[in-house]
Amino acid sequence: MPKLIIDNLPVEVAPGTTVLEAARSIGITIPHFCYHPALALASACRLCAVKMLDGPVKGIQMSCSLPAQDGMVVSTTDPEALKMRALVIEWLMMNHPHDCPVCDEGGECLLQDFTIAGGHSRRRYQGDKRTHRNQYLGEHVYHEMNRCIQCYRCVRFYQDYAGGTDFGVTGSAGRVYFGRFEDGPLESPFSGNLVDICPTGVFTDKTGRYRARYWDYQFSPSICQHCSVGCNLAPQAFQREVIKIVGRRNDQVNSWFICDRARFDKKGINDPSRPREPKVDGEATDYETALDALAARIYDFLEVHGPESLAFVGSSRLSLEGCLMLGELAANFEAAALSFYGDPAEAKGSQFATELLTEQNVAAPADLASADCIVLLSVDLMNEGPMLAPFIRKASLTGTKVYRVDAPALPSEQRLPFDCLDAATLAEVPLETASRAIVVCHAARTPHEELAPLAAKGVRLAVLQPGPNGFAAGLAARKHGAVPFAEVLAAKKVRGIVAFESDLSAANLKGVTVLGCADWRTSELAQKAGVFLPTTTWMESTGTSINFEGRAQRFERTFRPGLPLRGLDAKYYAQSRYGEPAPGQPEVPPPQPPRIPRGEIPGGQEIEAWKAMARLLEKLGGEPIVEPLTGSWRPLREMDPEAGGERIFGLFKSSEPDTL
Amino acid sequence: MIPEQLRKSLEARVAHAFSAREAAVDVMKDLQFHYGWLTDEAVGEAAEILGLSRLQVEELATFYEMIYRRPVGNKMIHICDSISCWNAGYEKILDHLKARLGVEVGGTTADGQFTLVPCCCMGRCGDGPLISIGSTIYDHLTPELVDQALEIERLSGTAAPDHKGQA
Ligand code: SF4
Ligand code: SF4
Ligand code: FES
Ligand code: FES
């Protein structure tokens with residue numbers, strides 16, 4: 001372990017650590033552009049100069065590419081190093097358009113930070129600047145090449161890390177250009193990461209440009225709820241609207257990156273037609289009244305039909321808290337049915353995965369990078385777990401063979417960003433000769449009989465779940481004996497349901513009354529429901545989500561729910577000092593937000609689904625519940641959302657569902 | 001469209017290479033020889049033959065000085081504008097060339113004979129200022145020597161222009 005001294009502070013680091021990283025580990029940030037922990041070294045920008053005062057190398061060195069060695073004495077503040085960095089930054093800024101005021105990166109720009117930190121504050125160069133033509137890169141990413149400082153991060157990410165082939169670097173010397181062969185949408189499903197990874201404003205998020213500055217945003221550590229990989233991210237919200245979503249580091253799950261679905265799909269959350277008001281028989285009311293009505297209707301229903309005719313239906317969209325609470329709610333009526341999934345294959349597979357997987361046989365996404373044999377077994381990877389692909393690519397580039405067995409037909413644009421061999425059956429894959437083999441499959445598609453023997457052979461498993469929080473739903477289903485809804489229907493006993501964030505289609509519900517429905521999406525089910533309860537999306541909730549590998553991760557509320565200020569209906573301005581509209585004039589919202597302080601946020605009655613369940617349970621005669629994570633789940637309450645999450649296998653005896 | 005025979009020979013070249021990229025320069029040069037310059041169509045064909053994307057071929061094509069992505073004259077004049085030739089007074093030579101040929105840097109003469117482009121060091125830094133016309137280097141230049149060089153090259157005609165050759 002090399003020991004060195006940086007700015008008079010002794011530090012010991014693992015072999016292979018660079019001087020820049022060693023400095024970072026003791027809180028000293030050396031300005032850098034091309035260095036990125038997830039990417040291979042480029043040493044392209046020349047900004048990270050330090051002076052080596054003593055030891056095996058002397059003089060000015062690039063700290064990002066210099067491995068720390070015993071006896072090194074490093075100064076990051078030596079005048080010679082400072083001068084070098086100031087000159088480099090001045091040179092990198094030579095052609096920069098100085099357009100920060102109209103650049104969407106402004107305020108969250110590494111180039112701004114390090115220009116100032118590097119001591120360059122006055123322009124001396126008076127010549128012409130080189131300019132580029134920008135390209136149209138599709139509806140997600142905006143291109144402004146003049147801001148480029150040639151750090152090569154974008155191309156190292158796009159081609160090397162993510163395996164894209166339609167974006168790269170052309171030209172040489174002072175003419176290098178980062179773009180496509182011709183205008184057109186970026187093809188990689190990871191293209192949005194260019195926005196995060198470019199240290200300046202060459203790539204900005206077209207879906208959220210010019211809405212707010214960095215310091216305007218509400219931010220929080222959150223977890224993607226689009227699939228069961230559970231990537232870490234941070235939504236950026238402004239005036240109750242999600243403007244942008246950026247990746248957040250979790251070395252085990254998603255490294256620094258997220259897929260484009262996670263980044264750009266904000267429609268559902270910002271949807272102006274999102275159901276915001278509790279309703280009873282289509283009439284808007286307040287939450288309390290709606291809950292009272294639902295409780296009363298459930299009682300009436302039970303009187304007439306008995307509890308065996310009632311079903312509580314959730315889905316893998318619910319948080320862990322929601323899944324557990326729904327179980328409690330159903331348990332309140334002994335004969336009532338509980339369902340998390342409609343499809344029996346999904347229900348059984350999801351549950352089986354929670355039984356089979358252990359700390360020893362489960363594979364984290366990052367484990368794929370060091371696997372020596374990888375099998376994609378009946379899985380549509382780019383849809384069901386896209387962020388696993390870069391890790392598999394990493395393994396593949398080091399020679400690991402990737403086999404595709406029984407692959408579902410993929411649409412042609414869903415190219416896998418690594419080479420793979422096709423095999424007809426699992427038996428054809430030489431799993432025996434591998435010592436770190438991982439099989440990636442989908443819970444609903446791989447028969448249990450096939451998975452258990454694999455695990456017994458020491459193969460590790462990545463069993464993707466049918467929904468983002470499928471693992472939690474599977475656990476709750478086991479504890480409370482949930483049944484797939486298709487089976488509930490087939491038994492023909494059920495006459496009424498209460499649904500929480502369920503994806504059931506209303507079409508097969510002939511003869512079944514939807515007593516209540518709680519959701520943040522508009523759905524047919526919600527239309528049919530006697531009582532409707534609006535819930536918060538995950539960005540407006542604090543809770544826990546469990547990814548496919550049994551990793552519990554906490555997400556924190558980014559912003560309070562309610563109608564976004566933008567486009568707020570004129571009626572909310574009526575009491576403002578602008579007064580009532582003049583007679584005969586249309587109700588035009590004034591250009592400013594309402595100035596009258598209000599106790600409530602317009603359209604802000606939504607609550608987390610589990611809270612709606614808890615309040616309903618209380619109205620149905622249960623104990624008041626303020627904290628859903630009790631018993632075995634208690635340790636998760638204090639989980640730090642930024643600490644990478646915790647595997648749940650140690651929390652209870654998996655063989656005894658009652659202890660769950 | 002390239003003749004089947006050319007495609008076959010290029011495919012064979014790629015098959016023998018350690019990696020497709022290793023064969024990329026050869027493939028691009030042959031296609032350039034065929035078309036006169038590396039047309040968009042040629043980039044597409046190179047991509048197909050090499051198993052790369054068009055962008056990945058473009059990355060290589062635009063990196064190399066002697067792959068031309070725009071139509072060029074029969075003979076290429078490269079003038080070194082790197083540091084030693086610059087010190088040796090390359091600017092005077094450049095001005096003279098521009099005046100004689102009636103073109104700016106990057107331009108092609110009206111008769112289609114010459115295209116003038118800068119290049120960064122030919123590895124003969126002690127002999128500057130220097131230019132190359134086709135595959136011949138003319139060094140220790142003065143304006144008079146430039147005129148002589150142009151004369152020689154004009155007379156040597158247009159058959160099998162070097163930049164289109166397999167050199
Ligand atoms: S576009 Fe951005 S990431 Fe790419 S080289 Fe330029 S500055 Fe770096
Ligand atoms: S891979 Fe899944 S969890 Fe990760 S960012 Fe994409 S959709 Fe979200
Ligand atoms: S960070 Fe070291 S050269 Fe760019
Ligand atoms: S500087 Fe002109 S040949 Fe090297």
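Protein chains get the first letters and strands the later ones, always in sequence-line order, with residue 1 at the start of each.
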**Residue part contacting chain B, namely of V155(A), when any heavy atom lies under 4.5 Å** = side chain
**Message:** Between V43(B) and chain A, with a heavy-atom cut-off of 4.5 Å, which part of the residue counts as in contact: side chain, backbone, both or neither?
**Reply:** side chain
**Request:** Count the heavy atoms of every other residue, nucleotide or ligand shown that sit under 6.0 Å from CD1 of I83(B), and state whether that count exceeds 12.
**Result:** no
Would you enumerate the inter-chain donor-acceptor pairs between chain B and chain A whose distance is below 3.5 Å?
| unit_1 | atom_1 | unit_2 | atom_2 | d |
| --- | --- | --- | --- | --- |
| S53(B) | OG | T165(A) | O | 2.5 |
| R54(B) | NH2 | E182(A) | OE2 | 2.7 |
| Q56(B) | NE2 | Q159(A) | OE1 | 3.1 |
| E59(B) | OE2 | Q159(A) | NE2 | 3.1 |
| E59(B) | OE2 | V169(A) | N | 2.8 |
| T62(B) | OG1 | G171(A) | N | 2.7 |

